[in-house]
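Throughout, protein chains are lettered first and strands after them, A, B, ... in sequence-line order, and every chain is numbered starting at 1.
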2 protein chains.
Amino acid sequence: MEHQRSDGNPKTARVPSGAAVMRAEVTTALTRSFFEEWARTGYAGLSLERVARTAGVGKAALYRRWPDKESMASDLLSHVGLTMTDVEQHGSLEADLYAVLVAIRRVLRHPKVRRILTDLHVEIERTPALGTAIRPLQRARRERINGLIDRAIKRRELSPMVDREMAADLIAAPLYWRMAVLGGRCDSAYIERLARITGAALRADTV
Amino acid sequence: MEHQRSDGNPKTARVPSGAAVMRAEVTTALTRSFFEEWARTGYAGLSLERVARTAGVGKAALYRRWPDKESMASDLLSHVGLTMTDVEQHGSLEADLYAVLVAIRRVLRHPKVRRILTDLHVEIERTPALGTAIRPLQRARRERINGLIDRAIKRRELSPMVDREMAADLIAAPLYWRMAVLGGRCDSAYIERLARITGAALRADTV
DNA sequence: TCTCAGCGGAACGCAACCGTTCCAACGGAT
DNA sequence: ATCCGTTGGAACGGTTGCGTTCCGCTGAGA
């Protein structure tokens with residue numbers, strides 16, 4: 001049982017003689033269907049049989065790539081691209097906050113992403129491997145918020161004693177709560193207001 | 001097919017002559033097992049067969065009470081008691097906030113409650129009836145926060161123009177995010193700090 | 001052009017759960 | 001003491017998914 005995607009590179013592993021190779025289009029179709037079904041049924045109700053079927057692919061093609069659902073999810077999640085708009089240079093804490101909040105909204109606006117993300121957060125309690133897989137993504141978000149705080153401290157807008165952990169909670173939580181948990185909308189005016197108020201909260205954290 | 005608990009009162013319905021009645025202890029055991037299993041496997045993976053088994057009860061006893069999983073969940077959820085410590089009278093906005101946050105923490109500290117609640121939030125997207133069932137609970141939480149804001153306005157600590165919806169998000173979200181989503185701990189110092197900072201945020205919302 | 005692994009598709013045995021039905025036993029209301 | 005619906009338990013047929021295996025075909029590397 002070699003499962004190249006689980007613990008090696010995807011589809012160019014081991015070509016001993018003049019022979020075939022796993023076709024990238026099949027892998028792509030399986031990946032698409034996997035996330036599609038995940039958003040539709042949730043992780044627990046996710047059936048690899050149905051993933052293969054909706055991908056228009058035989059089950060064997062799927063099981064040749066991944067041994068089971070957990071491995072497939074971990075592998076696919078760990079390959080999710082992090083399109084980070086590197087370091088932004090806005091003038092003030094509030095402007096930085098606004099930019100970060102807009103970035104979070106951009107992610108949470110996709111219904112499929114929103115469903116998968118919330119479902120994932122719940123499922124991690126039951127399947128710790130999933131948590132390991134998305135750790136790099138979490139780290140990226142955290143780094144971005146840390147950068148924001150560093151710049152604000154350098155600008156003397158925040159105290160150097162500010163609680164970074166709590167700050168990260170304060171920034172991400174309200175938007176996640178409103179959009180992902182309550183399923184509510186959120187226009188630019190809301191974001192702007194939220195940025196202003198969050199800024200005030202952070203400024204108040206002076207130990 | 002009469003399902004008394006689904007659309008009538010529980011176990012005293014229709015006693016035509018000298019006869020038996022559904023036993024309350026069986027209903028209790030089923031209820032316990034239902035939530036137990038829910039916390040363990042999640043709603044999607046919840047099996048009524050297993051619920052009956054772990055309750056030490058025949059499947060017939062369960063199906064005599066509820067027609068299916070959704071009805072059972074809705075019914076049980078709508079009977080969850082809301083132990084609200086009515087109206088608290090603390091001196092300041094921050095003291096009120098602290099009390100509300102402690103109350104939220106008290107709920108989210110129970111691992112089973114935490115799991116069921118997060119799972120429920122995800123499942124509502126797929127099963128709207130569950131949302132209807134917990135609406136009274138949500139309303140209670142919202143009323144409590146509204147009361148807190150009203151008192152603060154009366155004390156002239158907050159502007160009458162404060163955005164109540166956003167305020168509700170600001171108060172509940174960080175704690176939910178930290179405890180339920182990230183699975184983190186949170187001591188009294190954290191709560192105290194959070195209350196102070198949230199107070200600053202609300203005071204800053206003056207339109 | 002040849003070769004061979006990946007391909008779609010179908011089927012396998014196994015397991016779990018659904019919702020229903022039957023039974024003998026129990027237990028509470030009268 | 002009698003009655004009658006509930007009880008635990010077992011079994012039903014049907015559905016779904018798992019992970020494996022086999023087939024004949026296809027398509028890309030040599």
Sequence neighbours excluded, every pair satisfying ring-ring contact (aromatic ring centres under 6.0 Å, His included) that has a member inside residues 174-205 of chain A |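 Listed by first then second residue: A:H121-A:Y176, A:Y176-B:W177, A:W177-B:Y176.
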Pairs meeting criterion ring-ring contact (aromatic ring centres under 6.0 Å, His included) with involvement of residues 129-152 of chain A, two or more places apart |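 Non-adjacent pairs meeting ring-ring contact (aromatic ring centres under 6.0 Å, His included): zero.
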Can you tell me which residue pairs pass the side chain to side chain donor-acceptor pair (under 3.5 Å) test with a partner in residues 38-48 of chain A, sequence neighbours excluded?
->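 For residues 38-48 of chain A, and leaving out neighbouring residues, the side chain to side chain donor-acceptor pair (under 3.5 Å) pairs sorted by first residue read A:E37-A:R40, A:W38-A:D119.
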Looking at residues 123-133 of chain B, who's got a heavy atom less than 4.0 Å off DNA chain D?
->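 Those residues whose heavy atoms fall under 4.0 Å from DNA chain D, taken from residues 123-133 of chain B, amount to none.
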Members of residues 38-59 of chain B that approach DNA chain D, where some heavy atom sits under 4.0 Å away =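 By residue number: B:G56, B:V57, B:G58.
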Set of residues satisfying side-chain contact (heavy atoms from CB on, under 4.5 Å) with respect to [X], sequence neighbours excluded:
{"X": "B:E165", "answer": "A:R178, B:R142, B:D163"}
{"X": "A:A44", "answer": "B:A44"}
{"X": "A:I191", "answer": "A:Y98, A:L101, A:V102, A:R105, A:L175, A:C186"}
{"X": "A:V107", "answer": "A:V113"}

Rounded distance (Å) that lies between atom [atom2] of [N] and atom [atom1] of [X]:
{"X": "B:R23", "N": "C:dC26", "atom1": "CZ", "atom2": "P", "answer": "11 Å"}
{"X": "A:L62", "N": "C:dG9", "atom1": "CG", "atom2": "C1'", "answer": "15 Å"}
{"X": "A:M22", "N": "D:dG29", "atom1": "CE", "atom2": "P", "answer": "14 Å"}
{"X": "B:K69", "N": "C:dG19", "atom1": "NZ", "atom2": "P", "answer": "9 Å"}
{"X": "B:E25", "N": "D:dT7", "atom1": "CD", "atom2": "P", "answer": "9 Å"}
{"X": "A:E37", "N": "D:dT16", "atom1": "CD", "atom2": "P", "answer": "14 Å"}

Donor-acceptor pairs under 3.5 Å, side chain of residues 51-59 of chain A to any protein atom, not counting sequence neighbours: which ones?
residue : atom : partner : partner atom : Å
A:T54   : OG1  : A:S33   : OG           : 3.3
A:T54   : OG1  : A:R50   : O            : 3.2
A:T54   : OG1  : A:V51   : O            : 3.2

Out of C:dT20, C:dG8, D:dG8, minimum distance to the side chain of B:Y63 belongs to C:dT20
Rounded to the nearest 0.5 Å, how far apart are CG of B:L202 and CG of B:L97?
-> 6.0 Å
Side chains of B:L30 and B:V26 in contact at under 4.5 Å (non-hydrogen atoms) | yes
What residue pairs, at least two apart or across chains, pass salt bridge (charged side-chain N to carboxylate O under 4.0 Å, His left out) with a residue in residues 126-139 of chain B?
->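 Those involving residues 126-139 of chain B are B:E123-B:R126.
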One would report the end-axis bend of the helix from C:dT1-D:dA30 to C:dT30-D:dA1, five pairs per end and rounded to 10 degrees, as 30°
